Amino acid sequence: MRTDSFALRHIGPNESDLQKMLTTIGVDSLDQLIYETIPDDIKLTTPLALPEAMSEHAYLNHLHQLGQKNKIFKSYIGLGYHESITPSVIKRNILENPGWYTAYTPYQAEIAQGRLEALLNFQTMITDLTGMKLANASLLDESTAAAEAMTMLFEVRSRPQKKANVNKFFVSNEILPQTLSLLKTRAIPLDIELVIGNHTEFDFSNDFYGAILQYPGKYGEVFNYENFVTKAHENEIKVAVAADILSLVMLTPPGEFGADVVVGTTQRFGIPLGYGGPHAAYFATREEYKRNIPGRIIGVTKDTDGNRSLRMALQTREQHIKRDKATSNICTAQVLLAVMAGMYAVYHGPKGLTYIAETVHKSTATVATELTKLGIEIKNNSYFDTLLVTADAAKVKTLAESKDINFYYVDDATIAIALNEAVSLTDINAIISVFAETVGATFEEVTSLTETTGIPDSNKRTSEFLTLEVFNQYHSETALMRYIKKLERKDLSLNHSMISLGSCTMKLNAASEMLPISWAEWSNIHPFAPIEQAEGYHTVLTSLEKQLNVITGFAATSLQPNSGAQGEYAGLMVIKAYHEANNNTHRNICLIPASAHGTNPASAVMAGMKVVVTKTDEKGNIDVEDLKAKAELHKDNLAALMVTYPSTHGVFESSIKEITKIIHDNGGQVYMDGANMNAQVGLTNPATIGADVCHLNLHKTFAIPHGGGGPGVGPICVAAHLAEFLPGNPVVTTGGKNAITAISSAPWGSALVCLISYGYITMLGAKGLTDATKYAILNANYIKNKLEGHFNTLYTGECGRAAHEMIIDCRPFKKNGVEVTDIAKRLIDYGFHAPTVSFPVAGTIMIEPTESENLEELDNFCNSLISIRKEIDETNTEEPNNVLKNAPHTLKMLTENEWNFPYTRQMAAYPLPHIAENKFWPTVRRVDEAYGDRNLICTCAPIESYM
Ligand SMILES: *Cc1c(COP(=O)(O)O)cnc(C)c1O
């Protein structure tokens with residue numbers, strides 16, 4: 001046996017675990033279990049056509065070698081991306097720390113207070129810098145955030161104005177090109193009419209509901225938008241501003257000149273370029289739109305004892321509740337990156353940020369002064385960090401590239417130069433020397449930065465920011481390291497115990513997969529750098545696309561979407577483009593089973609489709625008769641079916657091929673939601689079941705860590721007939737030959753973290769990947785059998801087997817006064833994160849152990865649930881003061897002198913022996929969700945400041 005095989009490290013159960021588990025399940029072999037689980041007619045008969053697995057050591061060498069093929073130039077390209085310096089203390093203690101990156105979205109607030117606080121800091125930083133009242137806890141990138149602003153303002157367009165039928169949206173021609181592309185993508189299906197133009201010539205006519213401006217403009221000009229906003233408001237037009245976050249340290253914040261929404265990216269707050277992402281975008285707005293904000297907002301509330309605690313507020317699960325009434329499909333966001341950007345502000349504080357912004361600005365002024373001396377025309381009258389200059393672009397490009405420098409070449413005679421915090425005097429001299437040489441002049445090296453400024457007085461920021469304590473007390477490394485640790489300790493992540501979230505696939509995020517993302521040769525490339533400088537990247541990205549083609553059975557892949565929900569939207573837009581190319585523009589009906597994830601209907605509506613819900617039968621399967629009837633009823637207008645496979649009920653439906661055939665027979669395309677791909681890899685695939693397109697959640701099945709709620713990567717894989725429509729990018733060529741407009745800001749989305757999935761597939765190889773799937777199914781069925789007699793599994797396949805996850809019914813315990821939430825919270829006392837609660841069936845939990853957990857951990861988990869089951873039996877509706885209702889128990893309450901509970905302290909905190917070894921203490925008692933929503937506080941300002 002090769003003990004250097006990565007599969008041995010990735011897959012939890014060992015040989016002796018396996019035998020015991022098979023016995024419990026009652027099968028002779030793993031293959032028999034798989035045989036009984038997956039319908040015959042969809043089973044793959046040949047192994048995945050992938051190379052043999054690479055060992056971890058070999059893989060790291062491989063990535064080092066590929067990394068050498070990326071050329072790390074100094075990039076002054078700008079356009080929303082700037083080199084930045086990740087403080088080492090943040091890199092080491094957050095980015096490279098599984099305590100942070102393996103956490104899940106903070107739905108279980110009691111064991112997520114650390115990242116909730118970090119996100120509250122992020123929100124506070126955004127409200128302070130933008131001058132707005134309310135900010136969310138991140139969106140996917142600047143361009144999608146701008147699109148969300150456009151759609152949110154569309155949604156509220158008749159509040160208070162009577163503009164219900166107005167659909168024009170003005171887009172300044174200063175907007176970033178990738179944002180324009182994305183606005184187009186999002187506007188068309190919603191019948192929003194974009195009018196692109198010069199904001200100084202806009203006529204404020206009454207048929208506009210909103211407008212978006214770029215601040216500073218795409219090539220650096222610092223416009224004063226005060227008059228624009230005033231006039232817009234006089235004409236009942238709402239205004240969104242896409243603003244550079246660092247510039248807001250020095251420029252009047254948009255909130256102070258009346259903006260209704262402010263969006264942008266926080267990439268330059270210490271987040272690596274990563275060839276496009278991941279980075280956290282921000283979205284800030286007025287308080288009156290608090291119920292319309294896309295994404296998650298963190299808010300302050302209190303726990304059972306009245307102590308301050310945090311949780312996700314308001315419409316946090318918006319698409320899950322509103323479904324086809326939702327206006328945004330955002331689910332996974334960019335939590336890890338938002339945590340880092342917020343921490344960058346905590347570390348630098350207002351003084352540090354001011355120093356950084358001023359240095360960037362002075363560096364720009366220095367370049368401007370020196371270029372002017374050389375007789376080179378600076379076209380912008382004002383600037384923060386970007387200059388637009390007139391020069392021979394071809395000449396400059398050749399010279400610059402010979403010195404490892406990138407500028408942005410606007411046209412033959414115009415060049416943009418965007419500076420950043422990593423620019424030194426040496427770099428400034430190098431920039432000047434390129435231009436001096438181009439015009440044949442000599443120049444004197446600059447030895448200090450000029451004090452002149454390019455910011456007009458009327459644009460200068462006068463207000464304070466980041467005045468709260470948290471931004472002014474952690475400026476030494478010791479202090480910040482301890483603050484980060486203090487927050488980390490409050491959170492339960494995969495480095496503590498199993499997180500068995502159904503549908504979310506919380507598997508191992510291996511260190512060897514993670515290491516390369518912090519290497520400079522991968523992290524420091526601008527997404528719009530010339531493609532030949534990113535050869536290493538393109539080798540990885542192309543290989544990953546091919547690997548995913550093989551795994552899905554499809555012909556082509558786009559890595560652009562930044563989350564599963566973005567993949568859904570991208571896939572539906574590709575289907576739409578296909579129908580349009582076939583003169584079937586009218587096809588707009590999307591069938592979606594009742595059990596679908598909330599993002600499915602939300603994405604369909606965003607793609608301009610009409611959702612028709614199909615029924616589920618009593619066994620949890622798609623009701624084929626109902627589906628058939630609806631497909632036939634709508635056959636003239638059928639666009640697509642969205643189907644999750646195996647189903648969200650954790651079952652391989654045996655009628656799946658019949659289902660996909662019905663859709664094709666009626667002129668529709670089949671979209672497969674690939675969130676459950678962990679049950680398919682190597683055993684079956686979307687092409688085989690008859691789908692035309694699917695998304696994959698690389699942050700579920702393919703080992704990208706959840707990061708506490710992002711980053712995510714949601715590539716779409718498509719059959720050959722759809723490949724030509726894969727999404728493009730306006731700056732760098734990518735996508736199909738008839739590409740739809742952009743889905744994300746960056747051409748290859750969050751390229752940096754694609755390395756993780758590439759590593760996962762490369763190190764597992766065909767056999768390891770297939771084994772991973774088999775063991776995922778094994779682990780799920782082991783739990784199912786182990787819990788038998790204590791809990792009921794709601795749905796199973798024809799032979800009584802679960803897929804890779806199962807739904808456990810908790811509704812019968814209502815008669816004891818026990819709700820599913822009580823079970824979820826009590827699990828915390830046992831050291832576990834709750835499984836998925838109430839999805840897809842209310843009052844149930846959905847357990848997905850993944851292949852990475854071994855028998856010991858599975859047993860600890862099952863024994864905990866079984867012990868909880870006993871506690872439920874001892875509980876009744878008469879006595880709400882019980883161990884379940886009071887869960888979770890904090891160390892503080894346990895060590896109080898008084899103990900007024902009808903059970904022992906030991907029962908509260910150490911109900912089973914395994915807990916003593918590895919106790920997790922939540923820092924708050926159960927949080928009051930409703931209280932926080934009634935009294936919304938979304939910044940870290942002390943409570944008194946609201947009184
Ligand atoms: C996770 C999930 C999604 C959404 O994916 P995100 O990456 O969070 O946007 C969609 N469908 C199902 C079934 C999921 O489990």
Side-chain angles (χ1 to χ4, degrees), residues 104-107 137-141 144 148 277-278 294-296 312 316-320 323 326 328-336 499-507 559-572 592-604 606 616 620 622 642-651 671-680 686 691 693-716 743-744 749-750 753 757 803-805 807 835-841 846-848 850:
Y104 181 64
T105 308
Y107 285 123
S138 82
L139 288 177
L140 298 169
D141 58 30
T144 53
E148 297 282 355
R296 300 166 175 136
M312 298 196 288
T316 278
R317 307 204 65 161
E318 194 214 41
Q319 7 46 43
H320 297 269
R323 302 182 75 87
S328 163
N329 65 349
I330 182 110
C331 187
T332 287
Q334 299 280 19
V335 170
L336 189 71
I499 302 180
S500 60
L501 284 158
S503 211
C504 300
T505 315
M506 301 289 288
K507 61 168 66 179
L559 295 167
Q560 199 176 106
N562 280 324
S563 73
Q566 293 302 298
E568 293 169 19
Y569 178 69
L572 292 174
I592 301 182
S595 63
H597 195 265
T599 52
N600 288 192
S603 300
M606 284 169 60
T616 304
I622 289 176
M642 293 186 89
V643 61
T644 306
Y645 200 77
S647 72
T648 51
H649 289 157
V651 175
Y671 181 95
M672 194 199 84
D673 179 326
N676 288 343
M677 199 65 198
N678 212 46
Q680 287 198 35
V693 41
C694 72
H695 81 256
L696 303 173
N697 301 64
L698 298 192
H699 48 298
K700 294 178 181 173
T701 310
F702 296 94
I704 294 177
H706 279 249
V713 177
I716 54 170
I743 292 295
S744 301
S750 293
V753 290
S757 298
H804 66 310
E805 63 189 5
I807 297 174
T836 300
V837 175
S838 287
F839 170 77
V841 182
M846 179 156 61
I847 305 171
E848 179 183 359
T850 83

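Owing to the predicted nature of the structure, the values given are computational and were not obtained by experimental measurement. Both counts, for ligands and for their atoms, begin at 1 and track the order of listing.
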Checklist line | side chain to side chain donor-acceptor pair (under 3.5 Å) against T144, all qualifying residues, sequence neighbours excluded | finding: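 Counting only residues at least two positions away or on another chain, T144 forms a side chain to side chain donor-acceptor pair (under 3.5 Å) with D141.
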Next item on the list: Kindly write out the residues that satisfy side chain to side chain donor-acceptor pair (under 3.5 Å) with T105, not counting sequence neighbours, or none if the list is empty.
Entry: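 Listed in chain order: nothing, the list is empty.
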Next item on the list: For H804, check ring pair (Phe, Tyr, Trp, His ring centres under 6.0 Å) against everything at least two apart and list the hits.
Entry: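 If we apply the ring pair (Phe, Tyr, Trp, His ring centres under 6.0 Å) test to H804, skipping adjacent residues, there are no hits.
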Notebook entry, point to check: Shortest non-hydrogen contact from C504 to T836?
Noted result: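 So the two residues come closest at SG-OG1, 4.5 Å.
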When you pair each N or O of ligand 1 with protein N or O atoms, which pairs come out under 3.5 Å?
residue, atom, partner, partner atom, Å
ligand 1, 5 (O), N697, ND2, 3.1
ligand 1, 7 (O), T332, OG1, 3.3
ligand 1, 7 (O), G564, N, 2.7
ligand 1, 7 (O), N697, ND2, 3.2
ligand 1, 7 (O), H699, NE2, 2.7
ligand 1, 8 (O), T332, N, 3.1
ligand 1, 8 (O), T332, OG1, 2.6
ligand 1, 9 (O), G564, N, 3.3
ligand 1, 9 (O), A565, N, 2.8
ligand 1, 11 (N), D673, OD1, 3.4
ligand 1, 11 (N), D673, OD2, 2.6
ligand 1, 15 (O), S503, O, 3.1
ligand 1, 15 (O), S503, OG, 2.5
ligand 1, 15 (O), K700, NZ, 2.8

Next item on the list: Would you kindly say whether T599 and N329 are connected by a side-chain donor-acceptor distance under 3.5 Å?
Entry: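 Checked: T599/N329 side chains show no N/O donor-acceptor pair below 3.5 Å.
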Notebook entry, point to check: So how far is it from S757 OG to I704 CD1, rounded to the nearest 0.5 Å?
Noted result: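 So the gap between those two atoms works out to 3.5 Å.
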